[in-house]
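Computed from heavy atoms alone, side chains included, the values below leave out hydrogens, waters and symmetry copies. Because the structure is predicted, anything quoted here is derived from the model rather than measured.
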Amino acid sequence: MTKPAYKTMGQQFGRRSWAEPWKIKMVEPIRIPGRGQRKKALIEAGYNTFLLPSEDVYIDLLTDSGTSAMSDRQWAGIMLGDEAYAGSRNFYHLEKAVQQYYGYRYVVPTHQGRGAEHMISQQCITKGQFVPGNMYFTTTRLHQELAGGSFVDVIIGQAHDPTNLHPFKGDVDLDKLEYLIKKEGAEKIAYVSLAGTVNMAGGQPVSMANVKALRILCNKYGVKIYLDATRMAENAYFIQQREEGYADKSVADILKEFCSYTDGAWMSAKKDHLVNIGGWIAVNSYDLFDALRNMVVVFEGLHTYGGMAGRDMEALSIGIAESVQDDHIHARVMQVQYLGELLIDWGIPIMRPVGGHAIFLDAKCFYPHISQDEFPAQTLAAELYLDSGVRSMERGIVSAGRDPATGDHRRPALELTRLAIPRRVYTQAHMDVVAEAIKAVFDKREQTRGLKMVYEPKVLRFFQARFEPLS
Ligand SMILES: *Cc1c(COP(=O)(O)O)cnc(C)c1O
């Protein structure tokens, strides 16, 4: 195993063991269904983990979105909901928390991340403009396209290589960006759509040096930078761990400095902010704020609730403060690293370096004998569920869909099975069980056969497609 360029758990603490910085006050029982029941459930779900009832799942790593555990303080906040239609006190708490921790001037609440993406795209993109960004995200790109924009990927090349150990694989390739600006003209660039960490690249961070240089470049051409801040607390933690000059700064300070190089941000609070639903958009320009505030009443709700209940906004404002506490974010990211390091030690092929929110198994390496048209990543997700009741999801040829022009499968370079870790939900013992389940599936990989698709929806097929084993 190559030594990571950043501090390992042992180096951090000067000892081997590590523990979650919380104790459990309320439990939700889970049970592992018997093998017969798992087999039956998998057949009924057409070998698609999205179609499994959650009751039949033991450890659920389908997504880290809206699945985190709230703290006792957040639950107490739920009881302090002020459900006034206008001017709820909880909105002012939320506004203050975003201003304090992210540093932007004006805040508009939304029901979740895509509500905010819809508004920023409609306000800041005119038809025919380009939106360069550090790798696409599904809902982000869709809203940019619906507004008439074209997304252009300007992430560094290393991000596309699952074995490259670059510490900041989320960085923008500034040459690629400047080339685009010069070629198309600055007036054709809507804004730079920057995300930290980069979800589709495996949760990879952006460095402070990169965002600083990006600001200078964008100032030269008068281009704005808007940030997808969904996992920016995790990104700030990676900066603290890996970037020269930040080891002694708090995650909260790093987060605020990073945001200061951008013009605004949108947020899916279902991720970093430790709530089950919610979002916001925040900007420094009064004119843009005014436009967003006029728009939010049409699509989300009044500008002092934006689709959230008062109690949700209270839990969210408390979650924002908790999300940047060093011990919390350390435990969150280190739990993901812990699982990743176990798998690397056992020679199981995963995407590297390990990102902030999920482990991605490299299904092409896992099953070299299963061709991509026989859905290796889908097969792996199904096998893992069958072995242990652990739920993961496919991020490969099924998710990529078909080319609208030729009707053929899009064949992405990366054929991955994702295990996303919810925040504060599972313990290290659960991670051990997951690692051992993956190992068990890995050990019998040579006997495993692929799948055939027997039902295929026209759009976003990965959600509802059905499969059968190849005989
Ligand atoms: C989840 C997510 C979104 C969309 O947010 P929702 O709350 O699911 O609407 C946007 N960007 C990133 C990076 C995400 O992970």
(request) With sequence neighbours left out, write down each residue that passes salt bridge (Lys or Arg N to Asp or Glu O under 4.0 Å) with Arg449, or none if nothing qualifies. (result) none

salt_bridge([X], [Y]) N-O dist < 4.0 Å:
X	Y	value
Asp228	Arg231	no
Glu383	Arg445	no
Asp263	Arg215	yes

(message) Under the salt bridge (charged side-chain N to carboxylate O under 4.0 Å, His left out) test against Asp64, which residue among Lys271, Arg332, Arg424 passes?
(response) Arg332

(request) Show your working on ring pair (Phe, Tyr, Trp, His ring centres under 6.0 Å) between Tyr47 and Phe467 and close with a plain yes or no. (result) CA-CA 5 Å; Tyr47 289 76; Phe467 302 82; 8.2 Å; no

Check whether [X] reaches the backbone of [Y] with its side chain - one donor and one acceptor, N or O, closer than 3.5 Å.
X	Y	result
Arg391	Leu52	yes
Gln112	Ile277	no
Tyr261	Ala213	no
Glu394	Ser399	yes
Gln337	Gly355	yes
Glu145	Phe151	no

(message) What verdict does the ring pair (Phe, Tyr, Trp, His ring centres under 6.0 Å) test give for His143 and Phe299, after you've listed the backbone C-alpha separation in whole Å, the side-chain angles of each residue and the deciding distance to 0.1 Å?
(response) CA-CA 14 Å; His143 281 296; Phe299 293 98; 9.9 Å; no

Donor-acceptor list for residues 172-188 side chains, cut-off 3.5 Å, not counting sequence neighbours:
unit_1, atom_1, unit_2, atom_2, d
Asp173, OD1, Asp175, N, 3.1
Asp173, OD1, Lys176, N, 3.1
Lys176, NZ, Ile155, O, 2.8
Glu178, OE2, Lys220, NZ, 2.9
Glu178, OE2, Tyr221, OH, 2.6

(message) Suppose we screen for side chain to side chain contact (heavy atoms under 4.5 Å, CB included). Which residues come up paired with Tyr85, at least two apart in sequence or across chains?
(response) Leu302, Tyr305

(message) Under the criterion side-chain contact (heavy atoms from CB on, under 4.5 Å), I'd like the reasoning laid out for His357 against Val336: C-alpha separation, chi angles, the key distance, then a yes or no.
(response) CA-CA 6 Å; His357 70 291; Val336 180; 5.6 Å; no

